[in-house]
Novice: 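Pasting in a structure now, in structure tokens, and then I'll have a few things to ask.
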Amino acid sequence: MNNMRNIDLNLLVTLEALLTERNVTRAARRLHLSQPSVSIQLRKLRQIFADPLLSPAPGGMLPTTRAQALLRPLQAALAGMRGVLEPRHSFDPATAQLTWQIAAADYAEHAILLPLLGHLRKAAPGVRIAVREAAHSKMIKQLESGAIDLGLLAMDGVPEDAHHRVLFKEHYVLVARRRHPALKGKLTIDTLCQLEYVIVSPEGGGFRGVTDTVLEGKGRKRRVVLSVPHFLFVPEVVARTDLVAMLPSRLVKDRSDHIQVVVPPLPIPSYEMAMIWHERSHLDPAHMWLREHVSRAL
């Protein structure tokens with residue numbers, strides 16, 4: 001690669017836009033440049049890096065292996081430069097007028113956003129929140145592209161190099177309808193294996209979870225007969241059928257009117273919930289305020 005003194009840093013801004021948008025027209029629109037100008041800059045970038053960087057593909061362009069490796073360090077470097085060059089403004093939640101995009105599954109909506117909203121409405125009445133789909137496979141790309149400002153997910157899904165903060169530890173409980181015929185006495189592992197289960201598979205179609213792993217370690221297995229993509233549907237299924245479920249405790253702590261909550265007869269590993277954000281937002285005063293407010297609300 002050429003000596004850095006010979007590189008126009010604006011080309012790196014263009015490269016970030018191209019790698020994020022994967023489309024010359026969208027990158028040009030994002031940069032407020034003409035499409036021919038961006039195409040010329042792409043040719044210069046290819047010469048600088050001695051790599052095609054982006055190849056034509058249906059609906060846009062695909063980054064090369066070299067380009068994929070460049071994206072995160074490039075974003076981090078540009079975020080640092082912007083932090084140095086742009087004036088730092090204080091954030092006043094009482095007068096702020098902005099929208100935060102937060103990716104959250106329905107469990108995180110219930111366990112994290114619901115306790116947050118009352119506090120947020122009082123502290124920042126002019127702020128809006130848009131909740132976005134929270135598929136783990138999409139969340140990192142959403143953060144990188146700027147489609148979301150904050151992601152809420154289990155800690156085991158957080159990339160090692162991502163900015164994150166653990167919010168709380170969650171544990172599982174067995175949930176069944178009241179007066180379930182199989183749960184009249186003490187719950188045993190034998191009874192646990194005889195029950196029929198509904199399970200949450202956020203990506204769709206899964207029929208096993210951490211409970212199955214624990215049971216298999218003891219040479220046992222359970223029967224999962226229903227798989228659904230959303231958590232909040234499960235308490236209704238459990239309340240109206242003889243199906244049971246292993247659910248996060250925060251999801252059912254206020255639903256004792258139609259269901260019963262039972263401590264499992266064997267230890268099911270707990271997990272931590274975290275929030276995750278991108279380097280570009282790490283030092284932003286408004287984003288820092290939001291992260292602190294989420295933590296305090298919980």
Side-chain angles (χ1 to χ4, degrees), residues 9-10 12-14 16-23 25-34 38 71-72 74-136 138-153 158 162-168 232 273-298:
L9 294 182
N10 286 320
L12 298 183
V13 176
T14 299
E16 179 194 31
L18 284 166
L19 295 181
T20 301
E21 299 292 344
R22 299 187 180 187
N23 182 284
T25 301
R26 290 198 298 267
R29 189 181 303 123
R30 174 171 172 169
L31 295 166
H32 304 289
L33 297 173
S34 68
V38 173
L71 180 57
R72 286 196 180 184
L74 176 62
Q75 288 175 325
L78 290 176
M81 291 174 58
R82 291 173 183 128
V84 170
L85 298 174
E86 294 177 359
R88 183 66 53 82
H89 299 288
S90 61
F91 175 69
D92 181 5
T95 59
Q97 300 286 328
L98 51 84
T99 300
W100 277 311
Q101 308 280 341
I102 301 179
D106 56 343
Y107 163 72
E109 290 173 346
H110 183 85
I112 299 174
L113 294 182
L114 196 57
L116 169 68
L117 285 176
H119 300 279
L120 190 63
R121 296 305 310 140
K122 291 180 181 179
V127 166
R128 304 185 303 179
I129 290 182
V131 181
R132 307 288 294 271
E133 183 183 3
H136 291 186
K138 299 178 180 179
M139 192 177 295
I140 303 305
K141 291 182 178 179
Q142 289 175 316
L143 285 169
E144 290 176 347
S145 69
I148 63 173
D149 302 298
L150 197 69
L152 304 174
L153 73 169
V158 175
H163 288 291
H164 68 274
R165 184 183 299 179
V166 174
L167 298 173
F168 56 81
L232 294 181
M273 284 297 294
M275 58 181 168
I276 180 174
W277 62 95
H278 194 269
E279 175 67 27
R280 74 166 63 83
S281 306
H282 187 56
L283 297 178
D284 177 68
H287 203 280
M288 293 170 68
W289 182 91
L290 172 63
R291 300 191 308 258
E292 192 62 34
H293 213 71
V294 171
S295 295
R296 287 204 307 265
L298 295 173

Novice: Identify which one of L152, D106, V294 satisfies the side chain to side chain contact (heavy atoms under 4.5 Å, CB included) criterion when paired with L113.
Specialist: L152
Novice: Roughly how far, to the nearest 0.5 Å, is the CD1 atom of I112 from the NE2 atom of H110?
Specialist: 11.5 Å
Novice: Taking C-beta and beyond as the side chain, do H163 and S281 meet within less than 4.5 Å on heavy atoms?
Specialist: no
Novice: Minimum heavy-atom separation for A108 and A104, please, with both atom names.
Specialist: CB-CB, 3.9 Å
Novice: Under 6.0 Å from the CZ atom of R128, do we count more than 12 heavy atoms belonging to anything else shown?
Specialist: no
Novice: Name the orientation class of the two ring planes belonging to W277 and H282 (parallel below 30°, tilted from 30 to 60°, perpendicular beyond 60°).
Specialist: parallel
Novice: For E16 versus L74, what's the shortest heavy-atom pair and its separation?
Specialist: N-CD2, 3.6 Å
Novice: At what distance, to the nearest 0.5 angstrom, does CG of L120 lie from CG of L290?
Specialist: 7.0 Å
Novice: Would you give the length of the straight line joining atom CZ of R132 to atom CD1 of I102, rounded to the nearest 0.5 angstrom?
Specialist: 11.5 Å
Novice: Does some side-chain heavy atom of Q142 sit less than 4.5 Å from a side-chain heavy atom of H278?
Specialist: no
Novice: Has R26 got a side-chain atom pairing as donor or acceptor with L18's backbone, closer than 3.5 angstrom?
Specialist: no
Novice: Can you confirm whether W100 sits close enough to L150 that some side-chain heavy atom of one is under 4.5 Å from a side-chain heavy atom of the other?
Specialist: no
Novice: Going by heavy atoms in the side chains, are T14 and N10 under 4.5 Å from each other?
Specialist: no
Novice: Do Q75 and T20 make a side-chain contact, defined as non-hydrogen atoms from C-beta onward lying under 4.5 Å apart?
Specialist: yes
Novice: Examine distances only and state if a side-chain atom of R280 and a backbone atom of L143 form a donor-acceptor pair shorter than 3.5 Å.
Specialist: yes
Novice: Might you point out which heavy atoms bring L167 and S295 nearest each other, and give the distance in Å?
Specialist: CD2-OG, 4.0 Å
Novice: Quick check for you: to the nearest 0.5 Å, what is the distance between R22 atom CZ and S145 atom OG?
Specialist: 10.0 Å
Novice: Would you check if the side chain of R291 reaches a backbone N or O of H164 as a donor-acceptor pair within less than 3.5 Å?
Specialist: no
Novice: Distance check, rounded to the nearest 0.5 Å: E279 atom CD versus D284 atom CG?
Specialist: 12.0 Å
Novice: For the residue pair P125 and P93, what are the closest heavy atoms and their distance?
Specialist: CD-O, 4.1 Å
Novice: Is any side-chain heavy atom of L98 closer than 4.5 Å to a side-chain heavy atom of F91?
Specialist: yes
Novice: Testing the basics here: between A130 and Q101, what is the closest heavy-atom pair and its distance to 0.1 Å?
Specialist: CB-OE1, 3.2 Å
Novice: What pair of heavy atoms forms the shortest contact from A111 to L298, and how long is it?
Specialist: O-CD2, 3.5 Å
Novice: I need the M139 CE to E144 CD distance, nearest 0.5 Å.
Specialist: 13.0 Å
